[in-house]
Amino acid sequence: MAKIQVFTDFDGTLSLDDTGLMLIDDHRSLGPERRREIEHDILNEKITYKDGLTEMWAAVHISWEEAWTDYLDNCKIDPGFPDFNDYCRENNFPVTIVSSGLYPLLSKIMSNFLGEKAKDIKIVSNDGECIDRNWKITYHDDSIYGNDKSKTLQAAREAAPEGTIFVFCGDGVSDISAAKHADVLFARKDRDLETYCKMHQIPYIAFDTFHEVHAVTKKLADGKAKIEKDEKTGFCNVVDL
């Protein structure tokens, strides 16, 4: 069986909702119109992702309790993820969340859905706190992303046995740096990461749920598919055997 490591973004990828955007779009916070303007500027590289995120979180003005009762208690994860996580646990495939989100939110949501199993999933994210209705984000590193997800993949690859297949799942602009270090890239359909991949002709697999990620990962693990590097982009295609 092939050795595999799985890395996934959280907001909009593992989680069906974007925990940050729910709070940022609130009428007491930044609101969706200005948020979309910032996202447009990030995608067109007019500002860095980190600068955009800083402006967004600085405009959030709801309490910790309101954040949960109004939004986060209703947050749902991808319906295919629990089974996929069980499959990875059974086969000793490490699963790591790499996120631009806030650790206190992510860890609580994962525990709500997976219970004790959530403790086996490493979370590499930004940190943050809410004091008197003001939210402050503490970045994981000093990169233009705030949390350069590629560094997590690079460190894991250096420590992994030769031939380990790295799977990455994402949906947005902050996932681009990590995507470049994955063997197999899954991009959630109709999101910014898929748009970026199409713009730059990067091989990827579009997905709606983690059931699809599960199926392809199992094929690779069982030797029923292989990865072939695209020499032009450096990314890999998955080829059935």
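This is a predicted model, so every value here is computed, not measured.
- With contacts defined as side-chain heavy-atom distances shorter than 4.5 Å, the pair Phe235/Ile227 does not qualify.
- Around NZ of Lys218, the count of heavy atoms belonging to other residues, nucleotides or ligands within 6.0 Å does not exceed 12.
- The side chain to side chain contact (heavy atoms under 4.5 Å, CB included) test with Ile121 is passed by exactly one of Thr96, Leu114, Val6: Leu114.
- The shortest heavy-atom contact between Asp127 and Leu102 is O-CD2, 3.5 Å.
- At distances below 3.5 Å, at least one donor-acceptor pair connects side-chain atoms of Asn126 with backbone N or O atoms of Ser100.
- Looking at every heavy atom in both residues, Leu193 comes nearest to Gly172 through CB-N, 3.7 Å.
- Taking the charged nitrogens against the carboxylate oxygens, Lys149 and Asp9 do have a contact shorter than 4.0 Å, which makes a salt bridge.
- One finds no salt bridge joining Lys224 and Asp240 here, because no Lys/Arg side-chain nitrogen approaches an Asp/Glu carboxylate oxygen to under 4.0 Å.
- The environment of Phe113 atom CZ is dense: over 12 non-hydrogen atoms of other residues, nucleotides or ligands sit within 6.0 angstrom.
- In this structure, Ile97 and Phe7 have side chains that are not in contact, with every pair of non-hydrogen atoms separated by 4.5 Å or more.
- Between Lys226 and Glu228 a salt bridge is recorded (basic side-chain N to carboxylate O distance below 4.0 Å).
- Aromatic pair His181/Phe166: centroids not less than 6.0 angstrom apart.
- For Lys151, the NZ atom is densely surrounded, since the number of other residues' heavy atoms within 6.0 Å is greater than 12.
- Taking CE of Met110 as the reference point, atom SG of Cys75 lies at 10.5 Å (rounded to 0.5 Å).
- Here the side chains of Asn134 and Ile131 are not in contact, with every heavy-atom distance at 4.5 Å or above.
- Taking CG of Leu30 as the reference point, atom CG of Leu21 lies at 10.0 Å (rounded to 0.5 Å).
- In plain terms, the two heavy atoms of Gly101 and Ser125 that are nearest each other are O-CB, 3.6 Å.
- With hydrogens and angles disregarded, no donor-acceptor distance shorter than 3.5 Å links the side chain of Asp18 to the backbone of Gly12.
- Here the closest non-hydrogen pair linking Thr209 and Glu212 is N-OE1, 2.7 Å.
- The shortest side-chain heavy-atom distance between Asp17 and Asp11 does not fall under the 4.5 Å cut-off.
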Acceptor/donor pairs from residues 196-207 side chains to any protein atom, 3.5 angstrom cut, sequence neighbours excluded:
unit_1: Tyr204; atom_1: OH; unit_2: Glu194; atom_2: OE2; d: 2.8

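- Side-chain contact check for Tyr49 versus Leu43: every heavy-atom pair is 4.5 Å or farther apart.
- Closest non-hydrogen pair, Pro104 versus Gly128, comes out as CG-O, 3.5 Å.
- Between Lys229 and Asp183 there is no salt bridge, since none of the side-chain N atoms of the basic residue sits less than 4.0 Å from a carboxylate O of the acidic one.
- Applying the side chain to side chain donor-acceptor pair (under 3.5 Å) rule to Asp83 yields no partners; only residues at least two apart in sequence or on another chain are considered.
- Two residues are said to be in side-chain contact when any heavy atoms from C-beta on lie closer than 4.5 Å; Pro94 and Ile4 fail this criterion.
- Contact of the Asp78 side chain with the Leu14 side chain is not registered, since no non-hydrogen atoms from C-beta on lie closer than 4.5 Å.
- Checked against side chain to side chain contact (heavy atoms under 4.5 Å, CB included), Asn92 has no partners two or more places apart in sequence or in another chain.
- Here Asp175 does not pair with Arg188 in a salt bridge; the nearest charged N to carboxylate O distance is not below 4.0 Å.
- In this structure, Leu16 and Pro79 approach most closely via the heavy-atom pair CD1-CD, 4.1 Å.
- Although no hydrogens or angles enter the test, the distance criterion places a donor-acceptor pair under 3.5 Å between the side chain of Ser29 and the main chain of Leu23.
- In this structure, a donor-acceptor pair under 3.5 Å is present between the side chains of Asp141 and Ser143.
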Chi angles and distances behind the side chain to side chain contact (heavy atoms under 4.5 Å, CB included) call for Val167, Phe93: CA-CA 10 Å; Val167 171; Phe93 298 158; over 6 Å; no
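- Taking the six-membered ring for Trp and thresholds of 30 and 60 degrees, Phe84 and Phe210 have ring planes inclined between 30 and 60 degrees apart.
- At least one donor-acceptor pair closer than 3.5 Å links the side chain of Thr164 to the backbone N or O of Pro161.
- Counting heavy atoms from C-beta outward, Phe10 and Leu105 have side chains that stay 4.5 Å or more apart.
- Residues passing the side chain to side chain donor-acceptor pair (under 3.5 Å) test with Glu45, sequence neighbours excluded: none.
- Side chain of Asn91 to main chain of Tyr87: a donor-acceptor pair is present (N/O by atom type, distance under 3.5 Å, no hydrogens or angles).
- By the 4.0 Å N-to-carboxylate-O rule, Asp70 lies close enough to Arg28 to be salt-bridged with it.
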Mind listing the side-chain donor-acceptor pairs of residues 50-59 below 3.5 Å, one per line with the distance, residues two or more places apart or on another chain?
unit_1: Asp51; atom_1: OD2; unit_2: Thr48; atom_2: OG1; d: 3.2
unit_1: Thr54; atom_1: OG1; unit_2: Lys50; atom_2: O; d: 2.9
unit_1: Thr54; atom_1: OG1; unit_2: Tyr139; atom_2: OH; d: 2.6
unit_1: Glu55; atom_1: OE1; unit_2: Arg34; atom_2: NH2; d: 3.2
unit_1: Glu55; atom_1: OE2; unit_2: Arg34; atom_2: NE; d: 2.9
unit_1: Glu55; atom_1: OE2; unit_2: Arg34; atom_2: NH2; d: 3.1

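- Within 6.0 Å of the NZ atom in Lys122, the count of heavy atoms belonging to other residues, nucleotides or ligands does not exceed 12.
- Salt-bridge annotation for Arg191 and Asp171: present, with a side-chain N of the basic residue lying under 4.0 Å from a carboxylate O of the acidic one.
- Each salt bridge (Lys or Arg N to Asp or Glu O under 4.0 Å) pair with one or both residues in residues 89-105, not counting sequence neighbours, appears once here: Arg89-Asp120.
- Among Asp148, Thr152, Thr8, the single residue meeting the side chain to side chain contact (heavy atoms under 4.5 Å, CB included) criterion with Val98 is Thr152.
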